[in-house]
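Below: one structure, written as structure tokens.
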Number of protein chains: 2
Amino acid sequence: MIFLKSIENVQIKDTFWRSYLETVKKEVIPYQWEALNDRLPNTEPSHAIENFRIAAGEAEGEFFGMVFQDSDVAKWLEAVAYILKDEPNEQLEKTADEVIDLLERAQQEDGYLNTYYTIKEPNNRWTNLTDNHELYCAGHLIEAAVAYYKATNKRKFLDVVCKYADYIDQVFGEEEGKIHGYPGHQEIELALLKLYEVTENERYLHLSHYFIHQRGKQPHYFDEERKRRGQTGPNWYIGGNQYNQSHQPVIEQKQAVGHSVRAVYMYTAMADLAKKTNNESLKIACENLWENVTQKQMYITGGIGSSEHGESFSFDYDLPNDTSYTETCASVGLVFWARNMLGLEKNRKYADVMERALYNGTISGMDLDGKKFFYVNPLEVWPKACNHRFDKRHVKAVRQQWFTCACCPPNLARMIGSIGDFIYSTEDNQLFVHLYIGSESAVSIKNQKVKVIQETNYPWDGDVKLSIEIESATEFTIALRIPGWCKNPVVKVNNQLISVEHLENGYLYINRTWENNDQIELIFPMKPERIWSNPKVRENLGKVAIQRGPILYCLEEVDNGKELPAIQLPRQSILQEVNGTGLFEGMVTIKAEAYRLVENTDDLYVNNALLKTPCIIKAVPYFAWCNRQPGEMLVWINEDRNV
Amino acid sequence: MIFLKSIENVQIKDTFWRSYLETVKKEVIPYQWEALNDRLPNTEPSHAIENFRIAAGEAEGEFFGMVFQDSDVAKWLEAVAYILKDEPNEQLEKTADEVIDLLERAQQEDGYLNTYYTIKEPNNRWTNLTDNHELYCAGHLIEAAVAYYKATNKRKFLDVVCKYADYIDQVFGEEEGKIHGYPGHQEIELALLKLYEVTENERYLHLSHYFIHQRGKQPHYFDEERKRRGQTGPNWYIGGNQYNQSHQPVIEQKQAVGHSVRAVYMYTAMADLAKKTNNESLKIACENLWENVTQKQMYITGGIGSSEHGESFSFDYDLPNDTSYTETCASVGLVFWARNMLGLEKNRKYADVMERALYNGTISGMDLDGKKFFYVNPLEVWPKACNHRFDKRHVKAVRQQWFTCACCPPNLARMIGSIGDFIYSTEDNQLFVHLYIGSESAVSIKNQKVKVIQETNYPWDGDVKLSIEIESATEFTIALRIPGWCKNPVVKVNNQLISVEHLENGYLYINRTWENNDQIELIFPMKPERIWSNPKVRENLGKVAIQRGPILYCLEEVDNGKELPAIQLPRQSILQEVNGTGLFEGMVTIKAEAYRLVENTDDLYVNNALLKTPCIIKAVPYFAWCNRQPGEMLVWINEDRNV
């Protein structure tokens with residue numbers, strides 16, 4: 001499967017995503033540019049661009065910042081690439097070109113390109129793969145270069161990273177004399193596969209294959225490396241080498257463990273590699289890990305990684321709502337992984353999760369203005385606890401300015417910037433429609449240029465119109481994902497009902513000779529409904545969540561008062577749709593009759609049951625929470641008791 | 001008020017507490033003696049006795065152990081004192097005398113007695129009051145000496161600690177040239193008040209008064225001390241100097257904060273000092289803190305200190321069940337504090353909490369054999385989470401051997417050993433009965449020796465018979481606590497019903513001329529009942545606990561299977577008493593019809609309500625949990641939903 005290459009024209013017309021794209025364009029990218037250049041007032045400098053100047057010999061000074069500071073520049077360039085593709089911008093492209101020129105000048109003769117080691121420890125390259133993110137930064141540079149090439153057709157950046165990748169290929173590998181290591185933070189694996197896709201140079205495929213399959217072999221590379229650095233004593237992480245998924249060969253892994261972003265970046269690469277090398281056992285490992293993550297360790301938001309310690313997965317069904325880590329980047333990675341799983345198999349379970357993460361746990365990381373960000377995306381917030389409890393100090397009750405949270409905003413920017421890449425895929429003369437996003441796209445099938453126009457007010461309305469423009473009538477298949485949340489879908493082609501009785505893994509395959517101006521009409525009725533957790537999720541027992549279409553809802557203090565857990569929603573209570581106003585203009589909010597337990601006692605413990613009083617609750621989309629007065633927030637609402 | 005001095009004869013006859021006393025006598029004290037002498041196999045040595053030998057110049061070697069290692073010896077001696085009072089034991093007394101001789105030889109000429117500083121930093125006494133527990137250890141030595149004197153009438157140990165206390169009094173105080181500091185870990189304050197009681201030397205009362213009132217003054221002693229030691233940077237504790245309650249003068253404190261054991265030891269001293277000095281504002285501070293702790297920060301077990309970070313209080317209504325710290329020592333301290341609050345005011349709210357802690361959250365810290373101990377007493381245990389979650393690593397699913405948990409076992413031993421001291425108090429020719437514990441006690445009223453014999457099968461049965469033996473008929477008042485949990489008490493004197501209409505703060509005052517062989521009969525009907533939390537305790541919303549008399553119940557996996565939170569107890573379901581068998585012989589267990597949510601899906605989230613299936617649940621006393629196969633445990637049970 002090849003997803004529609006970005007170079008082909010996917011124009012996002014969607015109200016929902018268009019707004020996010022404009023926010024990225026007008027707020028996130030300019031703001032980050034200022035940050036990278038240390039021009040933000042009252043903030044610690046990023047120094048990221050300056051590091052490259054120093055490495056290029058064009059400025060004096062010391063390296064400053066995190067050991068992975070270079071990746072901030074890379075992620076910015078990648079997001080810029082997507083934005084340039086969406087809409088040309090001469091000034092922005094000129095700026096990006098200048099940064100790329102600087103990268104080229106900072107590149108060492110042998111191809112090496114990392115400012116930390118070049119400036120600070122030039123003789124210690126590759127001596128701390130475990131912690132120091134060299135290969136991670138390389139991966140982000142490669143991803144950015146591929147995106148920039150696809151957006152602009154300019155080769156310079158691509159040449160820079162190819163030279164770097166060629167050098168890395170000389171340094172790492174199974175062969176004698178090479179380093180038998182692999183990245184402490186996975187990223188380069190998936191990036192090399194993208195580089196292979198645009199260059200068709202098999203060296204990159206093989207290098208990615210090496211990094212993936214070398215991982216977890218004995219003797220353990222990181223253990224040995226730690227010994228070489230004189231580090232003794234136990235691993236700081238409760239799960240030891242599970243932290244970076246090197247505890248066993250990837251092919252044997254069935255349980256998602258450790259740092260969740262590293263994990264999903266690796267799984268993303270594994271799925272792509274399994275596809276590209278037709279590796280069945282790698283595919284099975286991906287499927288096992290997918291089942292584990294999405295059926296046992298994923299929040300209803302599409303958030304993953306429930307533990308602050310190591311920003312990591314914990315174990316099956318351990319999904320606390322008020323201490324969840326659920327890093328924005330991890331959900332972004334889940335979206336990438338889902339796309340690659342669709343490469344292995346067309347099954348709506350992958351697209352359903354992709355959609356869940358896209359509309360909930362990823363974009364919740366950014367406010368609607370694109371100015372503040374959550375690193376951690378909790379499902380229950382009690383601001384007092386965030387301030388007073390050490391074990392909840394990672395949970396913020398309000399989004400933070402960019403600079404205190406450097407990794408998630410650019411990751412969101414590149415996900416939103418490339419949203420067009422998640423909608424369709426083509427394979428064997430079949431066009432798959434995975435997501436419903438208003439857009440105009442050009443796709444090649446049977447050497448025909450086919451234009452597909454989607455019109456929809458998704459996710460607020462489940463009506464979708466797909467129009468086909470084609471030069472000459474051609475027989476091929478359009479496979480439409482019927483969302484897992486949809487109970488009674490209706491599908492029409494040119495106003496004729498099509499049976500939805502027979503779905504293949506959740507997709508409706510329509511094979512016919514498509515003619516110009518053919519129209520597919522999809523009706524996915526959306527109504528608010530209750531969602532319950534598997535009873536093994538002990539945190540959610542006796543609680544219910546509200547969802548409408550792909551959108552998850554939550555209660556906020558600003559609408560419902562304090563002490564949100566004291567609200568009890570009876571099962572009979574009708575969930576009514578209310579058209580949003582103000583901030584929620586164009587969105588659907590929900591109200592319902594409920595009860596509130598009355599605080600009619602000062603006693604801590606009483607032997608008579610609590611009284612309750614009727615109230616009306618208002619639920620708003622989870623992704624849009626904390627865009628008004630800060631306060632409590634709650635996704636899983638207590639159900640009414642049997643009294 | 002003077003509580004019955006231990007030197008007066010309170011003989012515990014009670015089945016319940018007799019068994020604990022015997023366990024302390026036969027298991028805890030001999031085992032700790034082996035530990036103190038480094039004779040336990042496969043364990044890190046304690047070195048506590050050896051430290052004293054080295055300090056006395058009788059052995060070679062280095063100090064080893066915690067900076068507060070001396071207190072282990074002191075707490076052992078205190079527990080031994082109570083046990084000797086309960087039953088003479090020549091061999092044990094000889095051993096204790098030899099330890100006391102050793103302490104005397106280790107004491108420095110000026111009276112100083114601390115092995116850490118004497119051996120390791122002889123020139124640095126009192127330079128790190130914040131962290132290094134010198135005054136804390138002194139306090140435990142004083143408490144032990146007072147207990148030993150009261151048990152044996154031997155003065156040597158008392159003389160040793162008086163010499164030490166006299167020296168401390170020369171070093172600390174408001175006067176110019178003295179150190180203006182106070183303990184980082186409170187303990188000596190309450191100990192000095194006990195020393196004052198037996199010696200009647202006002203110097204000790206004043207020194208305690210100084211330590212209590214000096215605390216929290218500006219400039220802040222610990223801040224200054226930290227500067228002198230060159231420590232900069234922020235305080236490690238989230239609440240800064242709240243950690244050891246030095247954030248403000250004690251008289252101004254209204255909110256319980258910081259390390260919970262330090263807090264309750266301080267409150268215990270404050271209450272006693274308020275009584276002894278008739279200090280109204282100190283009394284009010286005690287009352288405010290009591291209200292805060294018991295009405296906003298106390299678990300239903302009598303456990304306090306909900307946060308692992310700093311082993312501390314967190315904030316009002318923040319009572320998570322599965323990450324609670326609730327250190328055994330903190331509940332023991334709560335018992336001590338409650339007793340001293342009863343000194344300030346006869347109000348059953350104090351005795352009710354004392355009883356709650358005594359029968360639940362203190363003794364839960366020890367298994368029924370006295371061989372294993374909990375430091376942390378959670379209200380909900382999921383063993384897998386204890387093993388895998390870093391933020392629950394302090395919660396153990398099984399009790400630990402002594403040596404991994406050195407402070408709580410001896411604290412339990414001294415509480416159990418002195419259980420007789422909590423039953424009665426006398427004041428103004430009134431005899432107050434605070435607890436119902438089978439016992440024979442001698443008390444002086446109007447210069448008459450009165451013998452009070454309690455017969456009861458409490459806490460399993462609420463029938464209590466009090467017999468009075470007196471030489472000549474005397475008019476005085478007996479004030480009987482009517483437990484807060486009791487709804488329909490019946491009181492008879494010599495078989496005549498006495499009205500319980502009018503209680504004063506929960507006590508029934510019976511003034512009459514008591515004659516020899518007068519009998520009071522108390523009937524406190526016990527039946528299992530449901531307890532709910534104040535709705536502000538968000539962790540317990542929709543949940544119910546089971547209590548019978550003073551005993552709290554819980555569910556264990558061994559009786560009820562895994563996934564205890566999936567059990568739902570309908571409100572109509574009758575809680576049936578079942579006489580315990582085996583381990584629970586003599587106890588009352590409870591069974592009830594309930595439901596269990598059925599795990600009929602592999603999906604993590606479903607849009608149809610979960611099914612349920614009937615089950616019978618069995619609840620056992622909380623204090624006795626984890627005496628069989630380890631597994632899950634749950635106090636707050638989900639109530640059935642309205643379906």
Side-chain angles (χ1 to χ4, degrees), chain A residues 238-239 294-296 298 300 307-310 314-315 317-319 323 382 384-385 388-391 393 485 487 529-538 541-543 545 547 563-566 568 570-572 596-599 601-610 638-643, chain B residues 238-239 294-298 300 307-310 314-315 317-318 323 382 384-385 388-391 393 485 487 529-538 541-543 545 547 563-566 568 570-572 596-599 601-610 638-643:
Chain A
I238 199 168
T294 62
Q295 294 289 68
K296 291 179 178 160
M298 184 184 73
I300 192 171
S307 172
E308 185 271 339
H309 175 67
S314 55
F315 60 96
Y317 303 110
D318 180 45
L319 296 166
T323 60
W382 187 14
K384 205 167 181 179
H388 285 83
R389 277 200 78 95
F390 190 75
D391 50 2
R393 70 199 183 286
W485 54 260
K487 282 176 183 157
E529 55 178 0
R530 287 171 169 76
I531 307 287
W532 291 270
S533 278
N534 187 300
K536 285 190 168 168
V537 183
R538 51 187 66 205
L541 283 162
K543 298 177 186 174
Q547 193 174 316
E563 309 291 340
L564 296 176
Q568 299 194 332
R571 202 163 283 180
Q572 310 86 322
R596 207 174 225 293
L597 289 169
V598 180
E599 295 163 30
T601 175
D602 284 338
D603 287 343
L604 202 43
Y605 304 107
V606 293
N607 59 8
N608 46 324
L610 304 170
N638 274 305
E639 286 200 273
D640 192 33
R641 302 301 177 281
N642 201 4
V643 287
Chain B
I238 200 169
T294 61
Q295 293 289 69
K296 291 180 178 159
Q297 300 203 68
M298 183 184 74
I300 192 171
S307 170
E308 186 271 338
H309 173 68
S314 55
F315 60 95
Y317 304 110
D318 180 45
T323 59
W382 187 13
K384 205 167 180 179
H388 286 83
R389 277 202 79 94
F390 190 75
D391 50 3
R393 71 199 183 285
W485 54 260
K487 281 175 184 159
E529 56 177 1
R530 288 170 169 77
I531 307 287
W532 291 270
S533 278
N534 187 301
K536 284 191 167 166
V537 183
R538 50 187 67 205
L541 282 162
K543 298 177 186 174
Q547 193 174 316
E563 308 293 340
L564 296 176
Q568 298 195 331
R571 202 163 283 181
Q572 310 85 324
R596 209 174 222 295
L597 289 169
V598 180
E599 296 164 29
T601 174
D602 284 338
D603 288 343
L604 202 42
Y605 304 106
V606 294
N607 58 8
N608 46 324
L610 304 170
N638 273 305
E639 286 200 272
D640 191 32
R641 301 301 177 282
N642 201 3
V643 287

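Protein chains get the first letters and strands the later ones, always in sequence-line order, with residue 1 at the start of each.
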If you measure from [atom1] on [X] to [atom2] on [Y], what distance do you get to the nearest 0.5 Å?
| X | Y | atom1 | atom2 | result |
| --- | --- | --- | --- | --- |
| A:R389 | B:T323 | CZ | OG1 | 4.5 Å |
| B:R538 | A:W382 | CZ | CH2 | 5.0 Å |
| B:Q295 | A:D603 | CD | CG | 5.0 Å |
| A:L541 | B:L564 | CG | CG | 11.0 Å |

Legend entry - Residue pair B:Q297 / A:L604: nearest heavy atoms and the distance that separates them: N-CD2, 4.0 Å
Select, from [options], the one with the greatest count of heavy-atom pairs under 4.5 Å involving chain A.
| options | result |
| --- | --- |
| B:G310, B:A545, B:S307 | B:S307 |
| B:T601, B:I531, B:V606 | B:V606 |
| B:V598, B:D602, B:L597 | B:D602 |

Legend entry - Winner by heavy-atom pair count (cut-off under 4.5 Å) against chain B, out of A:I238, A:L610, A:D318: A:D318
Inset, instruction - Would you please name every residue forming a ring pair (Phe, Tyr, Trp, His ring centres under 6.0 Å) with A:W532, sequence neighbours left out? - result: none
Legend entry - Listed partners of A:K536 passing side chain to side chain contact (heavy atoms under 4.5 Å, CB included), at least two apart: A:Y317, A:N534, B:E563, B:E599
Let me know if [X] has heavy atoms under 4.5 Å from chain B in its side chain, its backbone, both or neither.
| X | result |
| --- | --- |
| A:K487 | side chain |
| A:V537 | side chain |
| A:F315 | side chain |

Legend entry - Aromatic plane relationship, B:F390 with A:H309 - under 30° parallel, 30 to 60° tilted, over 60° perpendicular: parallel
